[in-house]
Amino acid sequence: MFLKGDHTSLRALEPTDLDFLYTLENDTATWHVGNTLVPYSRFVLEQYLENAALDIYTVKQLRLVICNHQQEAIGAIDLFDFDPLHRRAGIGIVVSAPYHGQGHASEALHLLLNYCQHTLQLHQVYCSITAINHTSIKLFKSAGFEEVGIRREWLRKSDGGWDDVVEMQRLFV
């Protein structure tokens with residue numbers, strides 16, 4: 001196991017995660033925050049899985065699978081826009097609906113933050129959250145993130161309206 005907490009663990013993507021990844025990436029409810037409007041094919045995701053083992057310093061991103069204590073894949077947590085010179089990265093997290101409210105997102109975030117600070121030796125991490133996603137804002141605030149700004153009407157919604165996005169940041173001291 002890569003990173004292990006009391007109830008949640010993080011591990012690298014495996015070829016056997018194809019079905020899980022296919023379901024996760026093709027959930028239209030999260031498309032508006034992921035900058036995609038089209039479904040991912042199994043072929044594209046197979047290619048992604050083949051390259052998932054590449055070094056974060058090469059591909060500038062890292063996706064880890066969130067597992068519960070039975071080692072079932074229940075979500076994913078990502079580092080993206082990894083910048084080793086300025087020692088920062090963005091964080092994104094998604095947990096499958098049946099596992100919401102069970103503390104997995106919080107524990108996964110704390111495990112990843114520890115990895116960012118002590119292994120990658122990052123100076124800071126950041127995230128962008130829709131202003132109406134109060135649960136995620138609370139999650140990141142409880143992990144030491146602070147609001148640093150709001151991007152007005154940043155994400156277009158499927159109904160033609162707009163969502164504001166809260167920018168959050170955590171500095172490691």
- Item | Results of side-chain contact (heavy atoms from CB on, under 4.5 Å) for A97 - residues two or more places apart only | H100
- A73 and V65: which non-hydrogen atoms are nearest, and at how many Å? CB-CG1, 3.6 Å
- Query: Does the T119 side chain pair with the main chain of C116, one donor and one acceptor, at a distance under 3.5 Å?
  - Reply: no
- Please report the shortest heavy-atom distance between V165 and S128, naming the atom on each side. CG1-CB, 3.6 Å
- Query: Considering residues at least two apart in sequence or located in another chain, which fulfil the side-chain hydrogen bond (donor to acceptor under 3.5 Å, both in side chains) criterion with Q124?
  - Reply: Q169
- Mind checking side-chain hydrogen bond (donor to acceptor under 3.5 Å, both in side chains) for D17 and listing every partner two or more places apart, or none if nothing turns up? R11
- With sequence neighbours excluded, what pairs up with L18 under the side-chain contact (heavy atoms from CB on, under 4.5 Å) test? R42, L45, E46, L49
- Query: Say you draw a straight line from CG of L171 to CG of L122; how long is it, rounded to the nearest 0.5 Å?
  - Reply: 11.5 Å
- OG of S9 to CG of N68: how many Å apart, nearest 0.5 Å? 8.0 Å
- Message: On a heavy-atom basis, which atom in L109 and which in A143 lie closest, and how many Å separate them?
- Response: CD2-CB, 3.6 Å
- Message: Can you confirm whether L64 sits close enough to L62 that some side-chain heavy atom of one is under 4.5 Å from a side-chain heavy atom of the other?
- Response: yes
- Query: Got E72 and C67 here, is their nearest side-chain heavy-atom distance under 4.5 Å?
  - Reply: no
- Residue pairs passing the side chain to side chain donor-acceptor pair (under 3.5 Å) test where at least one lies in residues 77-87, sequence neighbours excluded: R63-D78, D81-Y126
- Message: Just to verify, what does K141 make a salt bridge (charged side-chain N to carboxylate O under 4.0 Å, His left out) with, not counting sequence neighbours?
- Response: E147
- Please name all residues satisfying side-chain contact (heavy atoms from CB on, under 4.5 Å) with Q121, sequence neighbours left out, ordered by chain then number. none
- Residues two or more places apart in sequence or in another chain: which of them pass ring-ring contact (aromatic ring centres under 6.0 Å, His included) with F20? none
- Note on the structure: Between the CG atom in L10 and the OG1 atom in T8, the distance rounded to the nearest 0.5 Å is 8.0 Å
- Message: Whether the side chain of S96 engages the backbone of I74 through a donor-acceptor N/O pair (distance < 3.5 Å, no angle test) should be reported.
- Response: yes
- Query: If you take all heavy atoms of A108 and I93, which pair is closest and at what distance?
  - Reply: CB-CD1, 4.3 Å
- Task: Can you sort out the partners of R151 under side-chain hydrogen bond (donor to acceptor under 3.5 Å, both in side chains), two or more places apart, ordered by chain and number?
- Result: E167
- Which heavy-atom pair separates D164 from R152 by the least distance, and what is that distance? OD2-NH1, 3.0 Å
- Message: Contact between N133 and T135 at the side-chain level, heavy atoms closer than 4.5 Å - yes or no?
- Response: yes
- Query: Do V94 and F80 sit in the same hydrophobic cluster, where Ile, Leu, Val, Met, Phe, Trp and Tyr count as joined when their side-chain heavy atoms come under 4.5 Å apart?
  - Reply: no
- Is there a chain of hydrophobic side chains (I, L, V, M, F, W, Y, each step under 4.5 Å between heavy atoms) that links L113 to I56? yes
- Query: Got a sec, which pairs hit ring-ring contact (aromatic ring centres under 6.0 Å, His included) with one end in residues 132-173, sequence neighbours left out?
  - Reply: F140-F145
- Nearest heavy atoms of D163 and T130, plus distance in Å: OD2-CG2, 4.1 Å
- Message: Which Ile, Leu, Val, Met, Phe, Trp or Tyr residues join L85 in one cluster when any pair of side-chain heavy atoms under 4.5 Å counts as a link?
- Response: none
- Note on the structure: Contacts of N114 meeting side-chain contact (heavy atoms from CB on, under 4.5 Å) (sequence neighbours excluded), chain-then-number -> H118
- Task: Look at atom CD of E146 and say whether more than 12 heavy atoms of other residues, nucleotides or ligands are closer to it than 6.0 Å.
- Result: no
- Rounded to the nearest 0.5 Å, what's the gap from CD on Q102 to NE2 on H69? Could you check? 9.5 Å
- Heavy-atom side-chain contact between F82 and R88 under 4.5 Å: no
- Query: So do L79 and L120 actually touch side chain to side chain, heavy atoms under 4.5 Å?
  - Reply: yes
- Query: Can you tell me how far CD1 of I66 sits from CG of L3, rounded to the nearest 0.5 angstrom?
  - Reply: 11.5 Å
